[in-house]
Visitor: 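Submitted below is the structure of interest, expressed as structure tokens.
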Amino acid sequence: MASLPDSFDSAAVSRLRLFAPDPAHAAPLDGGRLTLREVFEARVLPRLIAIKRGTIAEYRAAITAWERLTANPPLSQLTDDHAEQLRIGAAAQIDQAKLSPATYNKWARHLRALLARLAPRDTRNPRGLGLIPFAPLVETLPERLAEPRVATRGELSRIYQACTAATWPLIPDPGEVWRLWLVLSYNCGARRSDLWGLTWGAIQEREQLLTLRAEKTGKPLRLPLHPTLLAHLQSWRRSAPDAHPATKIFPFTQSHRHFYGQLYRLQSLAGIGAPLTPQDLRHTCGSAFDDLAPGLGAIVLGHAPKGVFEKYYRNASRRLRKAVRRLPQPKAFLRILADRKSVV
């Protein structure tokens with residue numbers, strides 16, 4: 001790996017802030033020998049202090065693809081041909097089912113942004129560092145958008161019943177946690193990462209509301225709780241070893257292998273053919289709300305509003321509360337309410 005010049009002041013660069021003015025002419029790139037990764041780590045990343053860790057990981061994954069599919073030239077030798085190498089190499093892997101178009105296009109978007117940052121500054125590129133004479137165009141590839149998979153209420157009931165056979169996480173009754181996760185996924189459609197990070201402080205029982213800030217978008221959400229979901233939350237709160245407001249609701253570790261292994265095992269026991277993913281459950285939630293009232297699915301899932309009226313004038317809270325009460329529930333989900341009535 002090429003080293004940085006002696007004159008390069010890394011401490012000074014680390015003190016720069018996002019969007020801080022850059023020098024009119026950056027220091028030379030070690031005779032033009034630095035690669036895309038080296039320049040990203042040394043010149044771009046220190047300026048991105050407001051960026052999320054996940055986004056940094058995406059940039060690094062895109063750079064890894066660049067290194068694998070191109071000649072990985074020093075930036076002084078960068079041409080449009082290298083961007084074409086990337087596209088052709090990715091297309092070949094897609095044809096061999098080794099890569100999805102969506103994954104490649106995500107890399108392409110990050111590489112476009114990175115190369116634009118390295119290109120000269122002008123009115124359309126006000127943050128350009130001027131480290132390369134131009135930004136080669138990294139083209140995207142067409143995607144075939146399949147129809148989102150939606151679970152039936154019968155399938156959800158069978159998975160719910162299979163949760164009695166759960167063996168992970170290692171707690172007295174892991175099945176109760178999985179039943180709650182399933183009911184919460186169907187009724188709120190939150191992303192897996194948001195559910196894993198959900199704390200008891202996000203549950204407002206008196207107002208029957210769930211409040212969270214989506215990790216991916218940073219958008220705050222306030223979602224009414226269906227009585228079935230509220231009953232499952234109350235039941236697990238009574239059983240949970242710690243229900244402090246700052247404590248996470250789900251005792252899941254960050255082990256994707258254990259989580260997905262258990263999720264797919266339960267579905268196999270339930271007789272589900274191709275297993276449903278957390279994203280499929282998110283599709284199911286959004287579709288169920290949209291069936292009740294067009295546009296509600298996007299609101300529940302936290303997608304950005306479209307149009308001036310939706311963005312600045314519409315208050316969907318009342319409409320959402322009414323819809324939550326009418327949201328059809330799988331039969332197995334409702335048993336907790338029947339059990340409560342029989343106890344009373």
Side-chain angles (χ1 to χ4, degrees), residues 13-14 16-20 35-69 86 90 93 98-118 127 129 138 140-141 143 145 148 169 181 184-185 188-199 201-202 210-221 223 246-263 276-283 285-286 298 300-305:
V13 169
S14 67
L16 290 172
R17 293 297 182 262
L18 187 63
F19 310 143
T35 62
L36 186 62
R37 182 181 298 277
E38 291 166 338
V39 174
F40 172 74
E41 299 291 344
R43 296 291 182 86
V44 177
L45 185 57
R47 290 168 165 81
L48 302 181
I49 62 168
I51 202 168
K52 294 182 179 179
R53 289 183 180 178
T55 305
I56 295 174
E58 295 290 356
Y59 272 108
R60 287 174 171 154
I63 294 171
T64 298
W66 172 270
E67 294 169 337
R68 182 163 46 85
L69 297 174
L86 178 74
Q93 291 201 349
K98 295 181 179 179
L99 178 67
S100 73
T103 299
Y104 165 74
N105 287 340
K106 180 168 60 174
W107 294 339
R109 289 191 295 270
H110 283 79
L111 289 170
R112 279 183 181 180
L114 175 55
L115 291 170
R117 189 68 186 269
L118 300 179
R127 300 175 201 148
L129 296 174
V138 179
T140 56
L141 292 171
E143 298 182 37
L145 298 179
W181 180 86
L184 189 52
S185 296
C188 293
R191 295 179 177 87
R192 177 189 54 78
S193 58
D194 292 330
L195 290 182
W196 280 20
L198 202 62
T199 64
L210 180 150
T211 61
L212 63 88
R213 184 175 294 276
E215 179 182 332
K216 181 176 180 179
T217 64
K219 183 176 180 179
L221 298 173
L223 303 176
T247 301
K248 292 182 179 180
I249 293 176
F250 294 103
F252 295 152
T253 64
Q254 292 300 317
S255 171
H256 288 206
R257 179 172 62 87
H258 285 99
F259 174 82
Y260 283 101
Q262 190 71 190
L263 176 60
L276 295 156
T277 66
Q279 184 70 8
D280 292 331
L281 295 179
R282 183 169 164 83
H283 295 159
C285 172
V300 172
L301 299 185
H303 289 294

Visitor: If I compare all heavy atoms of E143 with all of P101, which pair ends up nearest, and what's the gap?
Guide: CG-CB, 3.8 Å
Visitor: I need the L223 CG to L212 CG distance, nearest 0.5 Å.
Guide: 6.0 Å
Visitor: Mind jotting down which residue pairs meet the salt bridge (charged side-chain N to carboxylate O under 4.0 Å, His left out) criterion with at least one end in residues 49-58? Sequence neighbours excluded, please.
Guide: E58-K106
Visitor: Among all residues two or more places apart in sequence or in another chain, which pass the side-chain hydrogen bond (donor to acceptor under 3.5 Å, both in side chains) test with R60?
Guide: E41
Visitor: For A116, what residues pass the side chain to side chain contact (heavy atoms under 4.5 Å, CB included) criterion, not counting sequence neighbours?
Guide: N125
Visitor: Just do the side-chain contact (heavy atoms from CB on, under 4.5 Å) check on T277 and R192 with the steps written out, would you?
Guide: CA-CA 10 Å; T277 66; R192 177 189 54 78; over 6 Å; no
Visitor: When rounded to the nearest 0.5 angstrom, what is the spacing between OG1 in T103 and CG in L141?
Guide: 11.5 Å
Visitor: Roughly how far, to the nearest 0.5 Å, is CG of L276 from CG of L281?
Guide: 6.0 Å
Visitor: Return the set of residues passing side-chain hydrogen bond (donor to acceptor under 3.5 Å, both in side chains) with T199 (not counting sequence neighbours), or none when no residue passes.
Guide: none
Visitor: Does R117 offer a backbone N or O that forms a donor-acceptor pair with the side chain of R127 under 3.5 Å?
Guide: no
Visitor: Who passes side-chain hydrogen bond (donor to acceptor under 3.5 Å, both in side chains) against H283, sequence neighbours left out?
Guide: Q279
Visitor: What residues form a salt bridge (charged side-chain N to carboxylate O under 4.0 Å, His left out) with K248, not counting sequence neighbours?
Guide: none
Visitor: Would you please name every residue forming a side chain to side chain contact (heavy atoms under 4.5 Å, CB included) with A214, sequence neighbours left out?
Guide: R191, D194, T217
Visitor: With sequence neighbours excluded, what pairs up with L69 under the side chain to side chain contact (heavy atoms under 4.5 Å, CB included) test?
Guide: L86, A90, Q93
Visitor: What residues form a ring-ring contact (aromatic ring centres under 6.0 Å, His included) with F259, not counting sequence neighbours?
Guide: W178, W181, W196, F252
Visitor: side-chain contact (heavy atoms from CB on, under 4.5 Å) for I249 and L184? Distances and angles first, verdict last.
Guide: CA-CA 11 Å; I249 293 176; L184 189 52; 5.7 Å; no
Visitor: Within the distance-only criterion (no hydrogens, no angle test), does the side chain of R282 pair as donor or acceptor with the backbone N or O of P278 below 3.5 angstrom?
Guide: no
Visitor: With sequence neighbours excluded, tell me which residues meet side-chain hydrogen bond (donor to acceptor under 3.5 Å, both in side chains) with S193.
Guide: none
Visitor: Of all residues at least two apart in sequence or in a different chain, which pass the salt bridge (charged side-chain N to carboxylate O under 4.0 Å, His left out) check with R213?
Guide: none
Visitor: Check step by step if side-chain contact (heavy atoms from CB on, under 4.5 Å) holds for L114 and V39.
Guide: CA-CA 10 Å; L114 175 55; V39 174; over 6 Å; no
